[in-house]
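Here's the structure, in structure tokens; my notes come after.
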There are 2 protein chains.
Amino acid sequence: MPNPEPSDFLPHIAYDSVVFGFSGEKLKILLMEYHKTGWFALPGGFVGINDSLDNAVQRGLRERTGLDEVYLEQFYTFGSMERFKPEVMMKIMEPFGYEDKDQWLFKRFISVGYYALINYEEVEPKPDKLSDSIGWYEVDHLPELILDHNFIVQKALNHLRTHLDQKLLSVNLLPELFTMKDLQQVYEAILGEELNRANFQRKILSLDILERHEKLFSGGSHKAPFLYSFKK
Amino acid sequence: MPNPEPSDFLPHIAYDSVVFGFSGEKLKILLMEYHKTGWFALPGGFVGINDSLDNAVQRGLRERTGLDEVYLEQFYTFGSMERFKPEVMMKIMEPFGYEDKDQWLFKRFISVGYYALINYEEVEPKPDKLSDSIGWYEVDHLPELILDHNFIVQKALNHLRTHLDQKLLSVNLLPELFTMKDLQQVYEAILGEELNRANFQRKILSLDILERHEKLFSGGSHKAPFLYSFKK
DNA sequence: TACTATTGTCTCACTGCGAAACAATAAATC
DNA sequence: GATTTATTGTTTCGCAGTGAGACAATAGTA
């Protein structure tokens, strides 16, 4: 197995990414699973010696999701001593065997946290070399993650919630065309609370960021809603 | 000169701190000056191999300001390639001479940005080993700083402004007792705009975070204002 | 044809905020 | 000691935004 060469990466520095997707009702994130151990972890990686931090994360994301231009935001850097647990990484590496040159993987790491927002439907996640599966998990029902990864997700969610209004985050979580109800469900999933339908509609429309299309979505036994897209 | 030993610190990782103080009218920050070069820089440092990131910053701040429990907040991590300019660090080190073991200082660094809020009057800043002076500079009139340090200050200011209301940041910028006008001046200095006096008073009082003391401040030729302190 | 579920819009009361005005008062001036 | 000046504490008015509820419109179902 082609383990990364230590000389290719900055030592002691890693990133972890919280990849958010929205599947119609629930907010979900991508998790890697190491079957040999039964452990779950955030998709992460290292910073190449000639890569900017942002590029390193972007590249890791592309490899796992195939997406090229995703909404990416750095939210916090984790540097406590509690997150230094070499035995965890050793256990994960064990099935592959490790050599002297892999020792750098078991050193202390400071990790920069990023989150991404992607369109759930456009993605066929691919596991990386160390993990044998990758999948979507509801943020409300996450399994226990290695190290401080549960904490990292909480921090990411917090950041996302408090910046929801400033940026048009939902652009990245929905398909091109959507109904007002779809958009409301995204907001509700992120905020974790229900919103008043009439007031939500009024507020969003007043922002003047949506284009209304005359093609109506139909299928339900009731009045057909308008379809919208974001203005460019 | 006792340069830091490379084995004591995590390589490639640094921090830079933006230390805000308020001097009655203006918002200022601490800058180090390297007289031999005429360059200004943010007070920064490295992370000890047994130090958490937070502790490393706290320690560096204690050494330079003497303050022990300051308000500290991490706001962004800088990892672009543009900030890798070994000649800058070499020039700064030059007057002290450097040996083989100092080579790690000229490598690429990823820097974690923190800002601190401190009471201007309680502090007698001390320069560190490399810089021969340290002083306060108005954020509105900063000199040119090395590397991306001007950009780092901008990011810090932004973060401070957008989080002004959520946290009681001004607690740390004022003495124990203060007038409503003092508090308003802190807000105005941070936001960089003037606020309506009556509305500011109404809003702050409605937050129910201040204790009003009957001891009046006097000295001006006009009605004496109340003194306030923050509720604990 | 009547019914049901959902949608688009409107109304009403309440809150919060900008702007301006008014009354109170500590020190300075006459 | 009376008057003036500068600043403070509080109130008022108008406007915009928001929460909660109501009403009419309509695509499919019974």
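Just the heavy atoms: all of them, side chains too, but no hydrogens, waters or symmetry mates, feed the values below. This one's a predicted model, so the numbers in the text were calculated from it and none came from an experiment.
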Where the side chain of A/Arg212 is concerned, which of C/dT7, D/dT8, C/dG8 is the nearest nucleotide? C/dG8

So, are A/Lys155 and A/Asp16 salt-bridged, with charged N and O less than 4.0 Å apart? no

When the distance from NE2 of A/His222 to C1' of C/dG8 is rounded to whole Å, what number comes out? 14 Å

Sidechain-backbone polar pair: B/Asp148 side chain, B/Phe151 backbone, donor-acceptor under 3.5 Å: no

Is the B/Phe230 ring parallel, tilted or perpendicular to the B/Phe178 ring (thresholds 30°, 60°)? tilted

Rounded to whole Å, the CD1-P distance (B/Ile204 to C/dC17) equals 10 Å

In terms of side-chain heavy atoms of A/Ala198, which of D/dT10, D/dG9, D/dG21 is nearest? D/dG21

Mind checking whether B/Thr37 and B/Val88 have side chains closer than 4.5 Å, heavy atoms only? no

Assess the residue pair A/Ile209 and A/Lys231 against the criterion (side chain to side chain contact (heavy atoms under 4.5 Å, CB included)); give the C-alpha distance rounded to whole Å, side-chain angles, the decisive distance to 0.1 Å, and a yes or no. CA-CA 6 Å; A/Ile209 53 170; A/Lys231 285 187 180 173; 5.6 Å; no

Given atom CG of B/Leu195 and atom C1' of C/dA20, what is their separation to the nearest angstrom? 17 Å

Starting from P on C/dT7, measure out to CG on A/Leu183 and report it in whole angstrom. 13 Å

Taking the side chain of B/Lys223 as its heavy atoms from C-beta onward, which of D/dT8, C/dC17, D/dA25 lies nearest to it? D/dT8

In whole angstroms, the gap separating P of C/dG8 from CG of A/Asp182 amounts to 11 Å

Counting side-chain heavy atoms from CB outward, which of C/dA5, C/dC12, D/dT10 is closest to A/Arg202? C/dC12

For the base of C/dG8, is there a side-chain donor-acceptor partner from A/Arg197 under 3.5 Å away? yes

Nearest-angstrom distance from the residue atom OH of B/Tyr228 to C1' of D/dT8: 10 Å

Choosing from C/dA26, C/dT6, D/dT8, which nucleotide comes nearest the side chain of B/Ala224? C/dA26

Tell whether A/Asn199 reaches the base of D/dA20 with its side chain through a donor-acceptor pair below 3.5 angstrom. yes

Nearest to side-chain heavy atoms of A/Gln201, which nucleotide of D/dT7, D/dA27, C/dG8: C/dG8

Consider the side chain of A/Phe226, meaning its heavy atoms from C-beta on, and name the nucleotide among C/dG8, D/dT8, D/dT10 that approaches it most closely. C/dG8

For B/Leu205 and D/dT11, give me the distance from atom CG to atom P, rounded to whole Å. 11 Å

To the nearest angstrom, how far is B/Asn196 atom CG from D/dT10 atom P? 15 Å

